[in-house]
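Since this is a predicted model, take the numbers as computed values, not measurements. One-based numbering, in listed order, for ligands and for the atoms of each.
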Amino acid sequence: MENNPVVTQMRQLIQLIAKHNHAYYVMDQPSIEDSEYDQLFHQLKALEQQYPDLVQADSPVNKVGGKPLSKFETITHTVPMLSLGNVFNQEELFAFARRIEERLQNQKIHYDVELKFDGLAISLWYENGILTRGVTRGDGETGEVITQNIKTIRNLPKVLSSDKVAVPRLLEVRGEVLMPKAGFERLNAENEAKGEKTFANPRNAAAGSLRQLDPNIAASRPLAFYAYGIAQCEPNHGLNSMSASLEWLTNFGFAVGERHFICDSIQEVQEKYEQINQERPNLAVEIDGMVIKVDDLQQQQKLGFLSREPRWATGYKFPAVAALTTVENIDWQVGRTGTLTPVARLNPVAVGGVTVSNVTLHNIGEIHRLDVRIGDTVSVYRSGDVRCHHKLKCFK
Ligand code: IVH
């Protein structure tokens, strides 16, 4: 078994994913782009689907990332915090809808389409209207109690009151803590001026802030909470749809996403996805896709879960803006004026909707800076530039 090339490949992928998980979740220093991480994950998932007998015991495929650290108290989630499946294109989205339609024959299905916030999943407990507990997702079963830090988040109600609806005895709200883009830029500029560590992205800034043992540090960080669901409510709120639950939460002052739609067909979902992909740079917060949910709560219940993912919801990721590939060759191109420019010939790879097989290395200095060589694995990412330059990063 050890010599089986499929097993060897699976072992390599598992080790790589574990290394990047540690950098991301524990060190707050991502070592790879999210889309590249997804790529590794999906390579492993595809191998496991093809060779189910060879699935390794420690495979991360059916687990939720992120082990709780030891410094906070940990607690078991009454309702586990599960993860979402993902689709990456229209075909997969339509297949998701077909699987739902097959199980809910002759029923009208409405889809609730939300932003997929790129922050940290958090569970909030309100007992008799008072915020008593804030817990991280952790590994999905057990999370860290970070109530003190959570209480410093300014856009989050610490006490529930409403003149429209009754305050429940117990309410568990699920949502995402993140750092809006503007606050992130400001924090990094301040840290840079002070010669302190800057954060790689808003998600890591939010994670680093919540992990502080001193709540004064969290209080000084521009964090925000966006609600996306209700895990428990006693007595029951009596609502019958996802969209109504979100609306209900706003009565207590919870923030929900800046954009949010109800669609009557999966084609309409696709249109909203394309619209938001365009609007993405103008949003106040980082998102990495959309979340598509069956709106009706009874239909959700009927659909249930498959392994650790709901059948009634999926993430719909935006196209990769970076991907991994290998350098096949390095050529010198002769320009009109006789100048020589080095060009990396790549194993063709799809990035942000185009296939990339050549990337300019500009000059010999850039080759030295990147230390790029034939056979290297490199990350190709598309800059915002319309002329579509591609940059390289080298993994050694
Ligand atoms: S609903 C059963 N809605 O995405 C899980 N999740 O990949 C239901 N996320 O851990 C989750 N935005 O933290 C939901 N509008 C949204 C979301 C959202 C971001 C995160 C969530 C979850 C992860 C799954």
For ligand 1, is any non-hydrogen atom under 4.0 Å from [X]'s backbone (N, CA, C, O), its side chain (CB onward), both, or neither?
{"X": "Leu115", "value": "backbone"}
{"X": "Phe117", "value": "both"}
{"X": "Glu309", "value": "neither"}
{"X": "Arg137", "value": "side chain"}
{"X": "Lys293", "value": "side chain"}
{"X": "Val291", "value": "side chain"}

TODO: Give the ring-plane orientation class for Phe254 versus Tyr126, where under 30° counts as parallel, over 60° as perpendicular and anything between as tilted.
DONE: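 The arrangement is perpendicular - the two ring planes meet at more than 60°.
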
Task: Parallel, tilted or perpendicular: rings of Trp312 and Phe305 (30°, 60°) - done: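 Plane angle over 60°, so perpendicular.
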
Open item on the list: Less than 6.0 angstrom separating the ring centers of Tyr111 and Phe261, yes or no?
Closed with: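 They do not qualify: ring centres at least 6.0 Å apart.
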
To the nearest 0.1 Å, how far is [atom] from its closest protein heavy atom, and which atom is that?
{"atom": "atom 13 (O) of ligand 1", "result": "Glu176 OE1, 2.6 Å"}
{"atom": "atom 8 (C) of ligand 1", "result": "Leu84 CD2, 4.1 Å"}
{"atom": "atom 23 (C) of ligand 1", "result": "Lys116 NZ, 4.1 Å"}
{"atom": "atom 5 (C) of ligand 1", "result": "Leu82 O, 3.8 Å"}
{"atom": "atom 21 (C) of ligand 1", "result": "Tyr228 OH, 3.0 Å"}

Those atoms of ligand 1 less than 4.0 Å from some heavy atom in [X]:
{"X": "Pro310", "value": "2 (C)"}
{"X": "Glu114", "value": "3 (N), 15 (N), 16 (C)"}
{"X": "Ala121", "value": "10 (O), 13 (O)"}

Open item on the list: Going by side-chain contact (heavy atoms from CB on, under 4.5 Å), name the residues that satisfy it together with Gln56, two or more places apart in sequence or in a different chain.
Closed with: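 Partners of Gln56 by the side-chain contact (heavy atoms from CB on, under 4.5 Å) criterion, ordered by chain and then number, come out as Val7, Met10, Arg11, Ile14, Asp58.
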
Task: Criterion side-chain contact (heavy atoms from CB on, under 4.5 Å) against Thr136, the qualifying member of Glu144, Arg211, Met81 - done: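 Exactly one candidate clears the test, Glu144.
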
Hey, are [X] and [Y] close enough for a salt bridge, meaning a charged N less than 4.0 Å from a carboxylate O?
{"X": "Lys116", "Y": "Asp118", "result": "no"}
{"X": "Arg203", "Y": "Glu286", "result": "no"}
{"X": "Arg133", "Y": "Glu73", "result": "no"}

- [ ] Please determine if Trp312 has a nitrogen or oxygen closer than 3.5 Å to a nitrogen or oxygen of ligand 1.
- [x]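 N/O-N/O distance under 3.5 Å: no.
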
Task: Side-chain (Arg154) to main-chain (Ala219) donor-acceptor, under 3.5 angstrom - done: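 Indeed, once roles are kept as given, a pair shorter than 3.5 Å links the two residues.
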
Task: Qualifying residues under ring-ring contact (aromatic ring centres under 6.0 Å, His included), relative to His42, sequence neighbours excluded - done: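 His42 satisfies ring-ring contact (aromatic ring centres under 6.0 Å, His included) with Phe88 only.
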
